[in-house]
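Below is one structure; the comments refer to it alone.
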Amino acid sequence: MRSPSLPLRPLTTGELLDAAMEVTRGAGRVLLPLAFGLAVVEQLVMVWVRETFFGGSIFPWIGDIVGPAWLGVALGTGVESAIIALLGVPAARAVAATAVGVPLRARDLLRRRGVGSAALLVLLTFVVTFVLTLLPLGWLPAYPLMGLAVATLVIDGVGPLRALGRGVKLVLRVGGRAAVIRLLGYAAWLLLRLGFGFGAVSALDLVGIGGPWAAAACFALVNTVAYANLASLDAVLQLETRIRTEGLDIALARVPGPLTPQHLVVTR
């Protein structure tokens, strides 16, 4: 796989978004098939959610959201966040390899080491996002808050509980800069997803291919790219925040000899 370009210095918001896209392209042979499979499973769940809470419509009336329907919204956001967190495992491995100049190999991105710890954080991400989304505006803090936990687990080489706490601290550093950028990245992809998804659904309706399954197929396709890129953004953000606030780039520059992902592990 092609190694993406990842400058080891503090990056602007635009550079972070570009770096995330580069990581997605470089690790695309692993990230995109995984993202597609997870997006298909998500849409199977969401077809049931739409039928149950929104009467089969993907355009619920505002009044329908009040009450039981909001449970469907919370479920959808929870599943979405969990998928991005799960994709964060190979994405973080790709970023770690890129940071130290190690070639990206599919078997390294897919190795089973640490899967149990990552699964715990994915589950926590789902629960926290789901529960907080049930509250007014609860998704706004929930989504960025849990975003760097999996990347911290993988890149920093710490246990799941420490990764959770350290990930939250990294999100809140520099006035919550990582949280804002994570929300910005999500908003940008949300607009693209809605534009492509609803546009494709309307086009299919014109040729007589409509219904919930057609909508599910359209959104599965666009979500594949979105989820892979958002997972890459989380991993890039984690590393860049360490460079910005902990001087990781300086520490790596002082290492004699070739670098390995082990040099990114937090020792204190």
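Along the sequence shown, the residues carry numbers beginning at 1. Just so it is clear, the values below take in all heavy atoms, side chains as well, and ignore hydrogens, waters and symmetry mates.
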[X] side chain near [Y] side chain, heavy-atom distance below 4.5 Å:
X: Pro10; Y: Glu240; value: yes
X: Leu264; Y: Asp156; value: no
X: Glu80; Y: Tyr143; value: no
X: Arg93; Y: Asp108; value: no
X: Leu153; Y: Leu121; value: yes
X: Leu8; Y: Leu239; value: yes
X: Leu86; Y: Leu34; value: no

For residues Ile155 and Val236: do they belong to one hydrophobic cluster (side chain heavy atoms under 4.5 Å, members Ile, Leu, Val, Met, Phe, Trp, Tyr)?
yes
Consider only side-chain heavy atoms of I, L, V, M, F, W and Y, link residues closer than 4.5 Å, and tell whether Leu123 and Val41 are in one cluster.
no
Between Phe36 and Tyr227, is the ring centroid distance below 6.0 Å?
no
State yes or no: are the ring centers of Tyr186 and Trp139 separated by less than 6.0 Å?
yes
Test your reading of the model: is there a side-chain donor-acceptor pair from Asn223 to the backbone of Phe219, 3.5 Å cut-off?
yes
What I want to find out is whether Glu246 reaches Arg166 closely enough, with some N-O distance under 4.0 Å, to be called a salt bridge.
yes
